[in-house]
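Written below as structure tokens is the structure these notes are about.
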Amino acid sequence: MKRLPRSFYGRPARLVAKDLLGKRLVSMVDGRRVGGDIVETEAYCDTEERDLACHGDRANEGRPTLRTAVMFGPPGFSYVYFTYGMHWMFNIVTGDPGYANAVLIRALEPMEGLETMRAFRARPDLELTNGPAKLAQALTIDQAHNGLDLCEPESSIWIEDGLVIEEDKIRTGPRIGLGKTPEPWLSIPWRYWIDGNPYVSR
DNA sequence: AGGACGATTAACT
DNA sequence: GTTAATCGTCCTG
């Protein structure tokens, strides 16, 4: 159980998003390890780049708001937000402090604590963590997980070192669910996933 | 004070 | 393929 160091996160979001594939996200739930291997991610903003799909760039003319403040802070912290009136999304802050960068975790291959995952809602194993809101439910991620330091040994959620996925197994495409986001950000291929993995959201 | 909208999901036709 | 669910955040006035 070796946590990824802050230097892993302190890089451009696109690189972190790609390198997170194959790493294990773990959340402690009632004293038990619950988690899985990351199979799908999306990058939001890179340092000094515009990205009108990114909460940090879209709101308040690119300045921090109450919700997005953590995104402007140091890398290796969680950014968890609530959307559609019912869903939590888990992200990790990347890049340099002062810029809003983050990676959204969109899907996991469930590996540990599947009974705990099923406790929130019984589903087929293939559907426990194959989407950003579903994996948050499976790992019991909510507002209490916003702004936690994943590099701090005492935090209840973290990412462990794991596989390095070979370049030819990584696929890219446009990010999902961007709605009214204008081009070019609507189509820019900042979504990453492991080719052929059955736990990818789509 | 009020309205638009959302980094989604499930349940429809 | 379409749409309801459901409410915090942000923007306008």
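Numbered from 1 within each chain, the chains take letters A, B, ... in sequence-line order.
Between A:Q137 and A:A102, the residue anchored closer to the 5' end of DNA chain B is A:A102, taking for each the nucleotide with the nearest heavy atom.
Here A:L104 lies in heavy-atom contact (under 4.0 Å) with a base. Within the nucleic acid shown, A:G179 has no heavy atom closer than 4.0 Å to any nucleic acid atom. Residue contacts for A:A133: at a heavy-atom cut-off of 4.0 Å it reaches the sugar-phosphate backbone alone, with no base atom in range.
For A:I141 and B:dA7, the CD1 to P distance is 18 Å, given to the nearest whole Å. One atom, CG of A:L128, and another, P of B:dT8, lie 19 Å apart when rounded to the nearest Å. Atom-to-atom, CD1 of A:I176 to P of B:dT8 comes out at 8 Å; the value is rounded to the nearest Å. Atom pair A:W88:CH2 and B:dG6:P shows a separation of 19 Å (rounding to whole Å applied). Here the P atom of nucleotide B:dA7 and the CG atom of A:D57 are 13 Å apart, to the nearest Å. Whole-Å rounding puts the A:R202 CZ to C:dG1 P distance at 11 Å.
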Could you go through nucleotides 3-5 of chain B and list every protein N or O atom that sits under 3.5 Å from one of its N or O atoms, giving the distance for each pair?
{"unit_1": "B:dC5", "atom_1": "OP1", "unit_2": "A:K180", "atom_2": "NZ", "d": "2.6"}

Side-chain donor-acceptor pairs of residues 3-21 of chain A under 3.5 Å, sequence neighbours excluded:
{"unit_1": "A:R3", "atom_1": "NH1", "unit_2": "A:L150", "atom_2": "O", "d": "3.3"}
{"unit_1": "A:R3", "atom_1": "NH1", "unit_2": "A:E152", "atom_2": "O", "d": "2.8"}
{"unit_1": "A:R3", "atom_1": "NH1", "unit_2": "A:S155", "atom_2": "OG", "d": "2.8"}
{"unit_1": "A:R3", "atom_1": "NH2", "unit_2": "A:P153", "atom_2": "O", "d": "3.0"}
{"unit_1": "A:R3", "atom_1": "NH2", "unit_2": "A:S155", "atom_2": "O", "d": "3.2"}
{"unit_1": "A:R6", "atom_1": "NH1", "unit_2": "A:P75", "atom_2": "O", "d": "3.0"}
{"unit_1": "A:R6", "atom_1": "NH1", "unit_2": "A:D149", "atom_2": "OD1", "d": "3.1"}
{"unit_1": "A:R6", "atom_1": "NH2", "unit_2": "A:D149", "atom_2": "OD1", "d": "3.3"}
{"unit_1": "A:R6", "atom_1": "NH2", "unit_2": "A:D149", "atom_2": "OD2", "d": "2.8"}
{"unit_1": "A:R11", "atom_1": "NE", "unit_2": "A:F8", "atom_2": "O", "d": "2.9"}
{"unit_1": "A:R11", "atom_1": "NH1", "unit_2": "A:D19", "atom_2": "OD2", "d": "2.9"}
{"unit_1": "A:R11", "atom_1": "NH2", "unit_2": "A:F8", "atom_2": "O", "d": "3.3"}
{"unit_1": "A:R11", "atom_1": "NH2", "unit_2": "A:D19", "atom_2": "OD2", "d": "3.0"}
{"unit_1": "A:R14", "atom_1": "NE", "unit_2": "A:D46", "atom_2": "OD2", "d": "2.5"}
{"unit_1": "A:R14", "atom_1": "NH2", "unit_2": "A:D46", "atom_2": "OD2", "d": "2.8"}
{"unit_1": "A:R14", "atom_1": "NH2", "unit_2": "A:E49", "atom_2": "OE2", "d": "2.6"}
{"unit_1": "A:K18", "atom_1": "NZ", "unit_2": "A:E167", "atom_2": "OE2", "d": "3.1"}

Can you give each donor-acceptor pair under 3.5 Å made by side-chain atoms of residues 87-98 of chain A, sequence neighbours left out, with the distance rounded to 0.1 Å?
{"unit_1": "A:N91", "atom_1": "ND2", "unit_2": "A:Y79", "atom_2": "O", "d": "3.0"}

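Proximity of residues 108-127 of chain A to DNA chain B (heavy atom under 4.0 angstrom from any strand atom) is restricted to A:R121, A:R123. Taking a 4.0 Å limit (strictly below) on heavy-atom distances, residues 182-201 of chain A does not reach DNA chain C anywhere.
There is a side-chain donor-acceptor pair under 3.5 Å between A:R106 and A:S201. A side-chain donor-acceptor contact under 3.5 Å links A:N101 and A:T47.
Here CH2 of A:W190 is found 5.0 Å from CG of A:D51. Values are rounded to the nearest 0.5 Å.
A cation-pi arrangement is found for A:R175 relative to A:Y44, the charged atom lying closer than 6.0 Å to the ring centre and inside a 45° cone about the ring normal.
Comparing B:dC5 with C:dT3, their P atoms sit 16 Å apart, to the nearest whole Å.
A:K23 is not listed as a side-chain neighbour of A:L163, based on a closest heavy-atom distance of 4.5 Å or more. Residues A:R191 and A:V200 meet the side-chain proximity criterion, which asks for heavy atoms closer than 4.5 Å. At least one side-chain heavy atom of A:I141 sits under 4.5 Å from a side-chain heavy atom of A:V80.
For A:Y192, the side chain to side chain donor-acceptor pair (under 3.5 Å) criterion is met by no residue, not counting sequence neighbours. In terms of the side chain to side chain donor-acceptor pair (under 3.5 Å) criterion, residue partners of A:E112 (sequence neighbours excluded) are, by chain and number, A:R24, A:R33. Checked against side chain to side chain donor-acceptor pair (under 3.5 Å), A:E183 has the following partners two or more places apart in sequence or in another chain: A:S187. In this structure A:W158 satisfies the side chain to side chain donor-acceptor pair (under 3.5 Å) test together with A:E160, sequence neighbours excluded.
For DNA chain B, runs of at least 3 consecutive pairs of the Watson-Crick or G-U wobble type, with both hydrogen-bonding distances under 3.5 angstrom, map to B:1-6 with C:7-12, B:8-12 with C:1-5.
The closest donor-acceptor contact from the side chain of A:S27 to the backbone of A:V34 lies at 3.5 Å or more, if one exists at all.
Centroid-to-centroid, the aromatic rings of A:H55 and A:Y81 come within less than 6.0 Å.
The aromatic ring of A:Y44 sits over the base of B:dA7, with ring centres less than 5.5 Å apart and planes tilted by under 30°.
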Which parts of nucleotides 4-11 of chain C does protein reach within less than 4.0 Å, heavy atoms only, written one letter per nucleotide 5' to 3' as B for base, S for sugar-phosphate only and - for none? -BBBSSSS
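Within the hydrophobic cluster formed by Ile, Leu, Val, Met, Phe, Trp and Tyr side chains joined at under 4.5 Å, directly or through other members, A:W185 is accompanied by A:L52.
Here A:K169 does not pair with A:E166 in a salt bridge; the nearest charged N to carboxylate O distance is not below 4.0 Å.
In this structure, A:R106 reaches the B:dT8 phosphate: one of its side-chain N or O atoms is under 4.0 Å from OP1 or OP2.
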